[in-house]
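Throughout, residue positions are numbered sequentially from 1 according to the sequence presented.
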Amino acid sequence: LRFGAEAQARWGTETDPPEHTIGEIRTAVLLPDGGVGIVDPRSPALRVYDAAGRPRQVVGRRGQGLGEFRYPLSATVDRDGSLYVADANWRIEVFVLINGKYEYERTLTLELIAQDLCFLADTLVVQGLSLSRQTLIHIYDRAGRRVRSFGEFYHSPSPDMNEEFGLGRIACDEKRRLIYYAPRIGNGEVRAFRADGTLLWRTSFSGFRSNPWVSENRTLTTRLSRQGNHTLV
């Protein structure tokens, strides 16, 4: 994979005007018109920029009402160009494009907190911990109804370790009809699932560094790696 030597756009530094300043980039999603939407939980909002990096719109605001965010976590866009933004309040806020601006349309209420989102055809794929189901990946229709859940939940004597290994990123491969999942920490493992939940393959990045977990007095604790550690973002 080769990238151009020069960046096409730059923005978001502390010296930029307030409308350019970004507190934290949690997720970036490409929009159909070549722009980009950036989930900024510090705002909290989804900031929309055009292809040249010029600020176009701030979608959502802080609050508990419809179309508002407490702590946005991820976003994706469907075939029609609608934005789906997941928040830590167990909801997904949906915005539609009207006359060049994203307007609030509806709210999907889930039984879990969506850490990451992507679309595979017309199905919404959600990564998040559903402790009642002990699964990692969940398929919803566009109305927010759960179709199926799959992906084995990590089991160990440490609830903290289970939660850390259960939080990750997903990507939808429309061409191959696959869903890829990778935990943020651990051994750099990536899994590929079919949409029906079948595990097709799994692999690990070589040289992936992580903090070791140590068993002491029947308790699992983590220690800082002397060589540093990697996190998949």
Engineer: Under 4.5 Å between any side-chain heavy atoms of L124 and I139, yes or no?
Structural biologist: no

Engineer: Apply side chain to side chain contact (heavy atoms under 4.5 Å, CB included) to Q64 and R70, showing your working.
Structural biologist: CA-CA 6 Å; Q64 299 291 333; R70 180 168 68 87; 3.3 Å; yes

Engineer: Between T135 and S149, which heavy-atom pair has the shortest distance, and what is it?
Structural biologist: OG1-CB, 3.4 Å

Engineer: Do Q127 and R169 have side chains that approach each other closer than 4.5 Å (heavy atoms only, starting at C-beta)?
Structural biologist: no

Engineer: Is the centre of the F193 ring less than 6.0 Å from the centre of the Y181 ring?
Structural biologist: no

Engineer: Which heavy atom in L117 sits nearest to a heavy atom in A114, and how many Å separate them?
Structural biologist: CD2-CB, 3.8 Å

Engineer: Do the non-hydrogen side-chain atoms of D40 and R26 ever get within less than 4.5 Å of each other?
Structural biologist: no

Engineer: I'd like to know if W201 and F208 are part of one continuous hydrophobic network [Ile/Leu/Val/Met/Phe/Trp/Tyr, side-chain heavy atoms within less than 4.5 Å].
Structural biologist: yes

Engineer: Going from CD1 on I92 to OG1 on T107, what distance comes out if it is rounded to the nearest 0.5 angstrom?
Structural biologist: 10.0 Å

Engineer: Stepwise, does the side-chain hydrogen bond (donor to acceptor under 3.5 Å, both in side chains) test hold for S82 with D80?
Structural biologist: CA-CA 6 Å; S82 298; D80 298 328; 5.5 Å; no

Engineer: Take a 6.0 Å sphere around CZ of R61 and say whether it holds more than 12 heavy atoms from other residues, nucleotides or ligands.
Structural biologist: no

Engineer: Can T123 and D141 be said to form a side chain to side chain contact (heavy atoms under 4.5 Å, CB included), step by step?
Structural biologist: CA-CA 5 Å; T123 58; D141 62 19; 6.0 Å; no

Engineer: Under 30°, 30 to 60°, or over 60°: which ring-plane class applies to H138 and Y140, parallel, tilted or perpendicular?
Structural biologist: tilted

Engineer: List the atom of P72, the atom of P44, and the distance in Å for their closest heavy-atom pair.
Structural biologist: CD-CB, 3.2 Å

Engineer: When rounded to the nearest 0.5 angstrom, what distance separates CD in E103 from CD in Q57?
Structural biologist: 6.5 Å

Engineer: How are the rings of F95 and F69 set relative to one another: parallel (under 30°), tilted (30 to 60°) or perpendicular (over 60°)?
Structural biologist: tilted

Engineer: Would D122 and R142 pass as an ion pair if we require N to O under 4.0 Å?
Structural biologist: yes

Engineer: Could you report the tightest heavy-atom contact between V58 and A45, atom names first, then the distance?
Structural biologist: CG1-CB, 3.5 Å

Engineer: Does any non-hydrogen side-chain atom of P32 lie less than 4.5 Å from one of V77?
Structural biologist: yes

Engineer: Test R194 against L178 for side chain to side chain contact (heavy atoms under 4.5 Å, CB included), laying out the working first.
Structural biologist: CA-CA 5 Å; R194 293 193 174 97; L178 295 179; 4.1 Å; yes

Engineer: Between atom CD of E105 and atom CD of E93, what is the distance when rounded to the nearest 0.5 Å?
Structural biologist: 11.5 Å

Engineer: Less than 4.5 Å apart, any side-chain heavy atom of L83 and any of V29?
Structural biologist: yes

Engineer: Once disulfide bond (SG atoms under 2.5 Å apart) is applied, what residue pairs with a partner in residues 56-118 remain, sequence neighbours excluded?
Structural biologist: C118-C172

Engineer: Following the transitive rule for hydrophobic clusters with a side-chain heavy-atom cut-off under 4.5 Å over Ile, Leu, Val, Met, Phe, Trp and Tyr, establish whether L199 and F150 coincide in one cluster.
Structural biologist: yes

Engineer: Can you confirm whether I113 sits close enough to L73 that some side-chain heavy atom of one is under 4.5 Å from a side-chain heavy atom of the other?
Structural biologist: yes

Engineer: L46 and V36: same hydrophobic cluster, using ILVMFWY side-chain contacts below 4.5 Å?
Structural biologist: no

Engineer: Working to the nearest 0.5 Å, report the span between CD1 of I179 and OG1 of T198.
Structural biologist: 10.5 Å

Engineer: What residues form a side-chain hydrogen bond (donor to acceptor under 3.5 Å, both in side chains) with R177, not counting sequence neighbours?
Structural biologist: E174

Engineer: Return the set of residues passing side-chain hydrogen bond (donor to acceptor under 3.5 Å, both in side chains) with Y71 (not counting sequence neighbours), or none when no residue passes.
Structural biologist: none

Engineer: Could you tell me which non-hydrogen atom of L108 sits nearest to which non-hydrogen atom of R106, and how far apart they are?
Structural biologist: CD2-NH1, 3.2 Å

Engineer: Taking the basic N atoms (NZ, or NE/NH1/NH2) and the acidic carboxylate oxygens, is any pair closer than 4.0 Å for D33 and R56?
Structural biologist: yes

Engineer: Is any side-chain N of the basic residue among D87 and R91 closer than 4.0 Å to the acidic one's carboxylate O?
Structural biologist: no

Engineer: Over all heavy atoms of both residues, which pair between D173 and L120 is shortest? Give the atoms and the distance, please.
Structural biologist: O-CD1, 3.7 Å

Engineer: Examine V59 and L31 and state if one hydrophobic cluster contains both, with Ile, Leu, Val, Met, Phe, Trp and Tyr joined whenever side-chain heavy atoms are less than 4.5 Å apart.
Structural biologist: yes

Engineer: Within the 4.5 Å heavy-atom criterion, are I137 and V126 side-chain neighbours or not?
Structural biologist: no

Engineer: Do NZ/NE/NH1/NH2 and the carboxylate oxygens of E111 and R146 come within less than 4.0 Å?
Structural biologist: yes

Engineer: Given Y84, which partner from the list Y104, Y102, F119 fulfils the ring pair (Phe, Tyr, Trp, His ring centres under 6.0 Å) test?
Structural biologist: F119

Engineer: Treating Ile, Leu, Val, Met, Phe, Trp and Tyr as nodes and any side-chain heavy-atom pair under 4.5 angstrom as an edge, say whether L30 and L97 lie in one connected cluster.
Structural biologist: no

Engineer: Quick check for you: to the nearest 0.5 Å, what is the distance between S74 atom OG and Q115 atom CD?
Structural biologist: 7.5 Å

Engineer: Using 0.5 Å steps for rounding, measure from the CG atom of N211 to the CG atom of N229.
Structural biologist: 4.5 Å

Engineer: Hey, are the side chains of L129 and L112 touching, using non-hydrogen atoms and a 4.5 Å cut-off?
Structural biologist: no

